[in-house]
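One structure is given below, encoded as structure tokens.
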Amino acid sequence: MRESIVCIGQIGTKSYRFPETGIQISSYEELCYYLSRHMVCYLYTLPEEELLYYIRDELKLDKLYRQLSKLMNPEKEQMKYFAALFREGHYFSEEEIRQILDEYRSLKNAPYSLQCKWMGDLSIRSGKSATALHYYKEALKKGTLDKEELGSVYHNMAVAKAKLFRFQDARILFLKAYQHGGEEESLFDYYSIIAYTEGMDKAAKELQTFQVTDLLLESFEERFAQLEEDFDCTDQAAKQKRIQFLNENHKEEEASAIYDQYVRKLQKDFRSELELEDNLPSLNLPVARQKELN
């Protein structure tokens, strides 16, 4: 059940979209609620300047706009920025604000590798696979994560790679996740990648390396079969079956037209993420400054 937010102030005529998550807000109350739950996004930066203009022009909070405009140095004024923002509209009580800022201090004092892992986890939940990979790679650089955390990072990296159609990379990462974390879910996803790309017989053979029980293999086969059954009910599966039917009945031209349309749709849906993955090294994402890593 989703939470409801009571908004008593100005409602913007258009929404503001946070680039880190894609979540949109239209009121001061939603802004406070969002920021209080996404403080991990602002450990080395502050919300972009466009948010200030939204506060001024759409939410009509001129006083808050002027206050925050003076607190835009992320190295010195983060605590002051959020304290001023949360206090202006009295959405939170003073006790709640203290708790939020205390949690923020804890996040800032956590090991850098964990901070990056948390940002990767947030990016995965927000559907930003390429960005998640960037943070997970940062998390691995210092070598300070324990085996459980490493397993989780490798597993989520594999999920991100699979969403970007990098199935071979995903397969390797799921295996690493299982080796570090020992989680059955990582082994199942490793099995599923092989079953999807090479068939269930090949996947079963691969699992023999891990000396899994017949019972576990059977459960994997049943789960994968259910995934296939669920996929068969999707529009994507219907298009694939249509293309196969047309080809089998010597209607290659019509099949080709449907296939081209299908590919263009996939390209449209995933192009931005795939392009972002290629361009991540040149982007200035909010991670620790180099001197803090030395």
Side-chain angles (χ1 to χ4, degrees), residues 17 19 21-24 120 123-134 136 154-178 184-210 212 214-280:
R17 181 180 178 275
T21 61
I23 294 176
Q24 299 183 25
S123 299
I124 279 283
R125 293 194 298 271
S126 301
K128 296 181 175 293
S129 298
T131 304
L133 287 170
H134 169 80
Y136 288 137
Y154 281 126
H155 182 93
N156 287 343
M157 286 181 74
V159 171
K161 285 288 187 179
K163 289 182 177 181
L164 295 170
F165 304 99
R166 317 296 193 202
F167 295 123
Q168 188 60 33
D169 290 344
R171 174 176 168 175
I172 294 170
L173 288 166
F174 278 132
L175 181 56
K176 282 187 175 183
Y178 180 69
E184 184 179 295
E185 194 63 24
S186 296
L187 188 59
F188 171 70
D189 288 337
Y190 172 75
Y191 166 89
S192 297
I193 286 286
I194 302 172
Y196 177 73
T197 57
E198 301 182 50
M200 293 178 68
D201 290 341
K202 174 66 173 178
K205 185 177 180 180
E206 285 289 329
L207 283 195
Q208 292 176 2
T209 307
F210 303 95
V212 300
D214 291 341
L215 185 61
L216 181 61
L217 177 57
E218 183 179 346
S219 73
F220 280 7
E221 290 173 343
E222 290 177 355
R223 285 182 64 186
F224 185 75
Q226 183 61 55
L227 290 177
E228 287 190 310
E229 185 177 330
D230 292 342
F231 176 76
D232 284 342
C233 298
T234 65
D235 291 340
Q236 186 175 345
K239 285 187 175 65
Q240 292 180 357
K241 290 177 182 177
R242 178 65 176 166
I243 292 168
Q244 182 179 356
F245 173 82
L246 291 170
N247 280 322
E248 290 173 351
N249 287 273
H250 310 292
K251 297 183 178 180
E252 290 82 0
E253 187 174 343
E254 186 177 350
S256 179
I258 296 175
Y259 176 78
D260 290 343
Q261 183 184 42
Y262 170 67
V263 170
R264 286 196 297 272
K265 176 67 165 58
L266 285 177
Q267 289 174 335
K268 180 180 178 182
D269 291 344
F270 293 96
R271 179 180 290 126
S272 60
E273 278 294 298
L274 292 169
E275 291 178 349
L276 180 60
E277 183 188 20
D278 294 334
N279 294 325
L280 275 172

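Atom set for the values below is all heavy atoms of this structure, side chains included, hydrogens, waters and symmetry mates excluded.
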Please determine whether ring-ring contact (aromatic ring centres under 6.0 Å, His included) holds for the pair Phe167 and Tyr196, giving the CA-CA distance in whole Å, both sets of side-chain angles, and the decisive distance to 0.1 Å.
CA-CA 9 Å; Phe167 295 123; Tyr196 177 73; 5.5 Å; yes
Could you state the interatomic distance from CD (Gln168) to CG (Leu173), rounded to the nearest 0.5 Å?
10.5 Å
Contact check, side chains of Val159 and Lys163, non-hydrogen atoms, under 4.5 Å
yes
Side chain to side chain contact (heavy atoms under 4.5 Å, CB included) evaluation trace for Phe220 with Met200
CA-CA 10 Å; Phe220 280 7; Met200 293 178 68; over 6 Å; no
Would you mind reporting whether Asp232 and Lys241 have side-chain heavy atoms less than 4.5 Å apart?
yes
Working to the nearest 0.5 Å, report the span between CD1 of Ile193 and CG of Leu175.
12.5 Å
Please determine whether the number of non-hydrogen atoms from other residues, nucleotides or ligands lying under 6.0 Å from atom CG of Asn249 exceeds 12.
yes
Determine whether Leu187 and Val212 make a side-chain contact, defined as any pair of heavy atoms from C-beta on separated by less than 4.5 Å.
yes
So does Leu216 get a backbone contact from the side chain of Ser219, meaning a donor-acceptor N/O pair under 3.5 Å?
yes
Smallest heavy-atom separation, Ala195 atom then Ala203 atom, equals N-CB, 3.7 Å
Spacing of CD belonging to Glu222 relative to CG belonging to Leu217, to within rounding of 0.5 Å:
10.0 Å
Before you tell me yes or no, could you show the steps for Tyr191 and Phe224 under side chain to side chain contact (heavy atoms under 4.5 Å, CB included), namely the whole-Å CA-CA distance, both residues' side-chain angles and the distance that decides it to 0.1 Å?
CA-CA 9 Å; Tyr191 166 89; Phe224 185 75; 3.9 Å; yes
Is Gln226 atom CD crowded by more than 12 heavy atoms from other residues, nucleotides or ligands, each under 6.0 Å away?
yes
Do you know which two heavy atoms are closest between Ile124 and Ala132, and how far apart they sit?
CG1-CB, 3.6 Å
Rounded to the nearest 0.5 Å, what separates atom NZ in Lys176 from atom CD1 in Ile172?
7.5 Å
Taking atom CG of Asp230 as the centre, report whether more than 12 heavy atoms of other residues, nucleotides or ligands fall under 6.0 Å from it.
yes
Specify the closest pair of heavy atoms between Glu221 and Ala204, including all atoms of both residues, with the distance to one decimal.
OE2-CB, 4.4 Å
How long is the gap from CD on Glu184 to OH on Tyr178, to the nearest 0.5 Å?
8.0 Å
May I ask you to say whether Arg171 pairs ionically with Glu206, meaning some side-chain N is under 4.0 Å from a carboxylate O?
yes
Check the surroundings of atom CZ in Phe245: do more than 12 heavy atoms from other residues, nucleotides or ligands lie under 6.0 Å from it?
no
Can you tell me how far the CD1 atom of Ile258 sits from the CD atom of Gln244, to the nearest 0.5 Å?
12.5 Å
Do any N or O atoms from the side chain of Ser192 and from the backbone of Phe188 form a donor-acceptor pair under 3.5 angstrom?
yes
Stepwise side chain to side chain contact (heavy atoms under 4.5 Å, CB included) check, Ile23 with Arg17
CA-CA 6 Å; Ile23 294 176; Arg17 181 180 178 275; over 6 Å; no
Could you please spell out the steps behind the side chain to side chain contact (heavy atoms under 4.5 Å, CB included) verdict for Leu164 and Asp169?
CA-CA 10 Å; Leu164 295 170; Asp169 290 344; over 6 Å; no
Flag side-chain contact, heavy atom, 4.5 Å: Tyr136 against His155
no
